[in-house]
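Shown next, in structure tokens, is the structure this report addresses.
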Amino acid sequence: MSKFQVTSPIRSCSQLTPDIIRVSLLAPTIARAARPGQFVMVAAGSSRDPLLRRPFSIHNVTADGEVVLLYKIVGQGTRLLAQLRVGQSIDLVGPLGKGFSLSPDTPACLVGGGMGIAPLLFLAKALCSSPRPQEHAILLGARTRDELAPLVEDFRELGYPVHAATDDGSYGHHGFVTELFQEHSTPAHEVCVCGPTPLMAAIARQCLQAGNRCQASLETHMACGLGACLGCTIQAQGGGYKHVCKHGPVFDANEVLWTI
Amino acid sequence: MDNLNPSPDLRVNIGRLELANPVMTASGTFGYGREFSSFVDLDRIGAIVVKGISLEPRAGNPPPRVVETPCGMLNAIGLENVGVEQFLVRKLPFLQQIKCKVLVNILGDSVEEYVALARHLSGHQGIDGLEINISCPNVKKGGVAFGTSPEMAAAVTAAVKAATDLPVIVKLSPNVTDIVTMAKAVEDGGADGISLINTLIGMAIDATTRRPRLGNIIGGLSGPAIKPVALRMVWQVASNVRIPVIGIGGIGTTEDAIEFLLAGASAVQVGTANFYAPSAADTIRQGLADYLSDQPEESLGELIGSLIIEDGS
Ligand SMILES: Cc1cc2nc3c(=O)[nH]c(=O)nc-3n(C[C@H](O)[C@H](O)[C@H](O)COP(=O)(O)OP(=O)(O)OC[C@H]3O[C@@H](n4cnc5c(N)ncnc54)[C@H](O)[C@@H]3O)c2cc1C
Ligand SMILES: Cc1cc2nc3c(=O)[nH]c(=O)nc-3n(C[C@H](O)[C@H](O)[C@H](O)COP(=O)(O)O)c2cc1C
Ligand code: FES
């Protein structure tokens, strides 16, 4: 599998909320090779502090070679990234990891919470070419309207109906995406979930009971993203460890020991 | 302007081990080479030191295993590895196809385990030397790390030397009071070279949750933060032993590598830098060639240990 290190000029960036940013980077080699669910390692500046790259899901790619990221400012690295402007560059390594694998003619149910929505847009776009796209269900949740509404629009533009939920009830269903899942998923759905661990664990459990195949995209701290440091471990079902950057980030939910 | 020295000679020798250039990659930071084949021309670096290998596979420590610190990182991987059998079957074939030298980093709980590993790893095309990681606890001696006792370090060195014809490099732990005593002990044990430093033991605490940030509570500090300690130890050791020294610790740029060579290292290993700059080893190799082409020295060997210390002050 081809991986690239690319100094990528920022083509555009937009601030969806004071702390959620979408940035488009020109990185044609990565854009061409990327599959939904894969990620890139991003250098937040060129100094030695912070030292390590930060992992971000590939939110979207464009036909003219852009890689789009969606991220939330949560600490030093994301704060530095947010200061960069159009014309400046960000160093990317990718595409990395194992993405989602869906059979084209099975209906899919995409479940996203918060920044976990990021990889699902790229996946939803890929699913547009499936024979019956209207059978797919898209369920998205976040804390507030501000965080969720702009993202829901992207999926609607692709032609999908979207079911939304917010913690504060300011947009869509008042409550959790797990409740939407009970309502809108069918036994035929292949489920793809990305979001906070409690959400993924709950969906994985419901899928296990209902017999749905479920894939979950996991997060850990990563030093390399390349399968070299062995730092990105999660506990595997049946004992032992798996490495998120190499065996994942997308796992069959049955491979993962859900501890929450 | 013409270069003084258009095609500098970067070759160095570590005992019988001849390297095309002094840039190696450090154990545990470069996988088994293949992981970096998209970023580094593996035929052009000096040597790869693969992830530490034990007799039996090891699962490693519970997560979280890595945490970032100012200009560095702590790791508590717990020596996860595939074990020597799987290494030979699954990892060695790829390493046999590349031109650079390959050293296998070995670790064990007892002298017998190190010896068994040395025997297993000898006589294979594609394995050019061993690097003994003596930062491991000796379970037969109450868990005291081999690397903190001069006697145990010398004993394991001598036993491995007797078990193999491969060049044997001993990798020193910096977590000792007197690094020179350790270095002399492994030199007396018959080591062909010394590499240093391994990680410095450290710790990180989350003040909000009041919990340690690593699953293993303590871990090894690496990266630019440890470079001054590593340079000091390399200089002290190189000034006091006759065998070649390989400098490790926070090397990420050509200038870093030159500093270690000046301090007396015959070669360097790039570690944590591979994580944030996956082509670092290639960049540094090219950087050393460019640097030397502007210097009066014709070969890299002339640079080694040429630190200038003015008399008086
Ligand atoms: C495969 C993968 C894909 C990801 N995709 C996205 C994405 O599309 N959009 C997005 O906003 N974020 C994503 N993340 C999380 C993102 O990597 C972290 O938010 C980022 O590294 C934080 O960097 P920082 O320097 O700003 O924060 P730091 O100062 O490093 O940390 C701030 C806080 O965030 C926590 N944190 C840091 N890194 C991680 C991590 N890797 N996983 C979980 N918690 C972490 C820390 O424990 C701390 O509490 C992804 C993570 C992974 C592993
Ligand atoms: C994630 C990680 C894993 C490591 N694994 C090993 C190992 O298996 N054996 C070993 O001798 N040293 C190991 N080391 C130590 C490095 O080889 C090196 O000595 C140390 O990191 C200092 O160099 P640096 O600052 O350039 O990283 C590891 C270091 C890191 C960061
Ligand atoms: S992040 Fe280094 S092995 Fe996964």
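A, B, ... follow the sequence lines: proteins, then strands. Residue 1 opens every chain.
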Which heavy-atom pair separates B/F39 from A/F4 by the least distance, and what is that distance? CE2-C, 3.8 Å

Structural part of B/F30 lying under 4.5 Å from a heavy atom of chain A: backbone

So for atom CD, which belongs to B/Q96, do other residues, nucleotides or ligands contribute more than 12 heavy atoms lying within a distance under 6.0 Å? yes

Quick one: which of B/N61, B/N75, B/N81 has the most heavy-atom pairs under 4.5 Å with chain A, could you say? B/N61

Inter-residue atom distance A/D91.CG - B/Y276.OH, 0.5 Å rounding: 13.0 Å

Hey, which residues of residues 48-60 of chain A are touching chain B, say heavy atoms under 4.5 Å apart? A/R48, A/D49, A/P50, A/L51, A/L52, A/R53, A/R54

Should we count CZ of A/R213 as having more than 12 external heavy atoms under 6.0 Å? yes

Most contact-rich option vs chain A, by heavy-atom pairs under 4.5 angstrom, among B/P64, B/P63, B/G252, is B/P63

Tell me whether the count of non-hydrogen atoms from other residues, nucleotides or ligands lying under 6.0 Å of CD in A/Q237 goes above 12. yes

Under 4.5 Å heavy-atom distance to chain A, tell me which part of B/Y32 shows up: side chain, backbone, both or neither. neither

Closest approach of B/G31 and A/A228, non-hydrogen atoms and distance? N-CB, 3.7 Å

Cut-off 4.5 Å, heavy atoms of chain B, and the answer for A/T220 is neither

Is B/R65 reaching over with its side chain to a backbone N or O of A/C232, donor-acceptor style, under 3.5 angstrom? no

Looking at A/A43, A/A223, A/G227, which has the largest count of heavy-atom pairs under 4.5 Å with chain B? A/A223

Side chains of B/F275 and A/L226: does their closest heavy-atom pair fall under 4.5 Å? no

Under 4.5 Å from a heavy atom of chain A, the part of B/T272 involved: side chain

Which atom of A/C229 lies closest to which atom of B/I77, heavy atoms considered: O-CD1, 3.1 Å

Counting heavy-atom pairs closer than 4.5 Å to chain B, which one of A/K246, A/M222, A/H243 comes out on top? A/H243

Which region of B/T253, side chain (C-beta onward) or backbone (N, CA, C, O), has a non-hydrogen atom less than 4.5 Å from a non-hydrogen atom of chain A, or is it both or neither? side chain

